[in-house]
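Okay, so here's the structure we're looking at.
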There are 2 protein chains.
Amino acid sequence: MKTKKEKIETVDLGAEERIKQAATRLFAKNGFAGTRTRDIAQEAGINLALLNYYFRSKEKLFDLVMLEAMQDFMRSIASIVNNKDMSLEVKLENLVQNYFQLFLVQPDLPLFVMNELRTNPKRLESHLGIKKVIVGSHFFEQIKKRTPKKVNPFQFLMNTMALTVFPFLAAPMLKIIGDMDESAYLQILEERKKKIPQWILAQLLTAKS
Amino acid sequence: MKTKKEKIETVDLGAEERIKQAATRLFAKNGFAGTRTRDIAQEAGINLALLNYYFRSKEKLFDLVMLEAMQDFMRSIASIVNNKDMSLEVKLENLVQNYFQLFLVQPDLPLFVMNELRTNPKRLESHLGIKKVIVGSHFFEQIKKRTPKKVNPFQFLMNTMALTVFPFLAAPMLKIIGDMDESAYLQILEERKKKIPQWILAQLLTAKS
DNA sequence: AGAAATTTTAATCAAATGATTAAAATCATT
DNA sequence: AATGATTTTAATCATTTGATTAAAATTTCT
């Protein structure tokens with residue numbers, strides 16, 4: 001029945017889980033259309049038919065993998081963003097660090113999500129309550145209080161995300177432009193991790209009109 | 001021979017040009033793998049075989065279209081970035097306006113370019129002299145002069161691009177998060193067009209350590 | 001161990017897709 | 001109009017690719 005085997009967890013994750021992980025990697029790297037089910041099967045070390053046995057179709061597998069990736073992401077920021085015992089300063093630091101931690105491990109994730117949202121914007125709206133997660137958050141209220149009049153506080157939210165996410169989205173280009181290798185670029189990212197909260201706060205203070 | 005017909009330029013661009021334009025649109029929208037040659041042919045209003053007659057293969061067509069898109073883009077910013085009679089302030093304004101103008105017409109372009117560069121970073125390096133265009137530019141020298149010591153001036157370049165490009169890359173997501181329709185989002189973008197140069201300059205002044 | 005359920009595989013199908021070919025249509029030059 | 005070059009089309013091919021099927025292997029339960 002549903003007792004499962006539970007072998008050595010670290011090595012043998014079971015076929016189903018291995019397929020999901022392989023799919024996540026490949027979809028993120030090559031997109032939906034650019035990923036063949038055979039590639040997923042090979043990367044997972046299983047037979048092609050097994051993929052359809054577990055997930056019915058490529059599209060269903062994609063939807064599932066996408067949903068879980070987004071949920072993980074949302075959960076991770078929701079807990080920070082809605083903490084009412086954290087100052088805006090600390091919250092900014094935590095948010096940025098959280099982004100960096102996630103994207104350093106999965107560098108393809110942000111571009112993958114952006115792509116999926118462009119081709120299928122409905123999914124974000126329906127599958128996740130992202131609207132309330134951000135704009136209805138304590139974090140957003142804190143920004144509002146600090147934002148000078150006549151400037152839409154949403155701008156500062158955009159700036160925070162832009163400064164944080166863009167260096168990952170555009171990493172290949174930026175490395176070339178700056179003539180940097182991987183380690184040099186990582187150093188730049190480390191510097192940003194500290195500076196971004198300062199930059200954002202400086203904007204909140206110095207913005208005029 | 002090579003006299004060509006030159007009918008009414010506005011309506012009939014000729015098959016070759018129509019294919020290129022259709023390909024640009026569709027590749028940008030759906031990526032390489034997600035675009036079928038049949039779709040390009042249909043969008044261009046020509047027979048499928050004609051595509052291969054003019055461009056030999058889907059991949060050749062893609063390479064060509066990609067190259068021209070990037071060259072157009074590079075040309076447009078190179079002229080601004082290397083103008084030695086422009087203050088940093090004015091240059092920032094012009095750069096941002098140039099980005100906005102381009103991306104408002106072709107909203108899919110930035111994501112398309114990011115994608116292509118992730119899957120094929122070599123192309124940027126070989127096909128375009130992007131390295132010198134940016135880092136060797138007069139603009140970059142101006143930033144260097146203004147950057148406080150101990151902060152890598154490249155960070156400010158990244159910030160400029162991030163604040164400018166990200167709102168286009170992430171437009172679908174941001175519209176949902178902010179619960180905005182197209183026109184409301186365009187208004188936000190207009191506000192940014194004015195504010196981004198101010199924000200960048202504020203960073204240059206207020207950055208400490 | 002033996003029966004039943006579950007998991008995995010090899011073989012194959014059908015549709016989609018990039019590409020080619022040979023013929024037809026159009027255009028340019030005489 | 002006739003000729004030759006160029007452009008466009010319809011029909012078709014070969015491969016790729018998502019999916020299915022029926023059988024084999026493995027696990028679970030008695």
Between B:D39 (CG) and C:dA16 (C1'), how many Å, whole number? 11 Å
Rounded distance in Å - CD (B:E17) to C1' (D:dT7): 17 Å
Quick check on DNA chain D: between A:R36 and B:G45, whose nearest nucleotide comes earlier from the 5' end? B:G45
Rounding to a whole Å, what distance do you find between B:I40:CD1 and D:dT8:P? 17 Å
Toward the 5' end of DNA chain C, by each residue's nearest nucleotide, A:L50 or B:R56: A:L50
Check every atom of C:dT8, D:dT8, D:dT20 against the side chain of A:A15 and return the nucleotide holding the closest atom. C:dT8
Are A:Q142 and A:K91 linked by a side-chain donor-acceptor pair shorter than 3.5 Å? yes
Could you tell me whether the side chains of A:N82 and A:S137 share a donor-acceptor contact shorter than 3.5 Å? no
Rounded to whole Å, please give me the gap between CG in B:L51 and P in C:dA19. 8 Å
Measuring from the side chain of A:A49 (C-beta onward, heavy atoms only), which nucleotide among C:dA10, D:dT7, D:dT9 has the closest atom? C:dA10
Pairing donors with acceptors under 3.5 angstrom, does anything connect the side chains of A:N159 and B:R192? yes
Measure from the side chain of B:L48, starting at C-beta and using heavy atoms only, and say which of D:dT8, C:dT8, C:dA19 lies closest. C:dA19
Between C:dA10 and A:N47, is there an OP1 or OP2 to side-chain N/O distance shorter than 4.0 Å? yes
Side chain of B:T37 only, heavy atoms from C-beta on: which candidate in C:dT7, D:dT20, C:dA19 is closest? C:dA19
Output field: ring centroids A:Y99/A:F73 closer than 6.0 Å: yes
Watson-Crick or G-U counterpart of C:dT30, or none if no pair lies under 3.5 Å: D:dA1
Residue B:K58, side-chain heavy atoms: nucleotide from C:dT17, C:dT21, C:dA19 that is nearest: C:dA19
Return the value, rounded to whole Å, for the distance between atom CG of A:N52 and atom P of C:dT9. 14 Å
Round to a whole Å and report the spacing from CZ of B:F55 to C1' of D:dT7. 14 Å
Should the pair B:F27 and B:F62 be assigned to parallel (<30°), tilted (30 to 60°) or perpendicular (>60°) ring geometry? perpendicular
Please tell me which of the listed nucleotides, C:dT20, C:dA19, D:dT8, lies nearest to the side chain of B:Y53? D:dT8
Tell whether A:R38 reaches the base of D:dG18 with its side chain through a donor-acceptor pair below 3.5 angstrom. yes
Nearest whole Å is fine: how far is D:dT9 C1' from B:Q42 CD? 16 Å
When all nucleic acid strands are considered with a 4.0 Å heavy-atom cut-off, which category describes B:Y54: base, sugar-phosphate, or nothing? sugar-phosphate
Protein-nucleotide distance (B:I46, atom CD1; C:dG18, atom P), rounded to Å: 13 Å
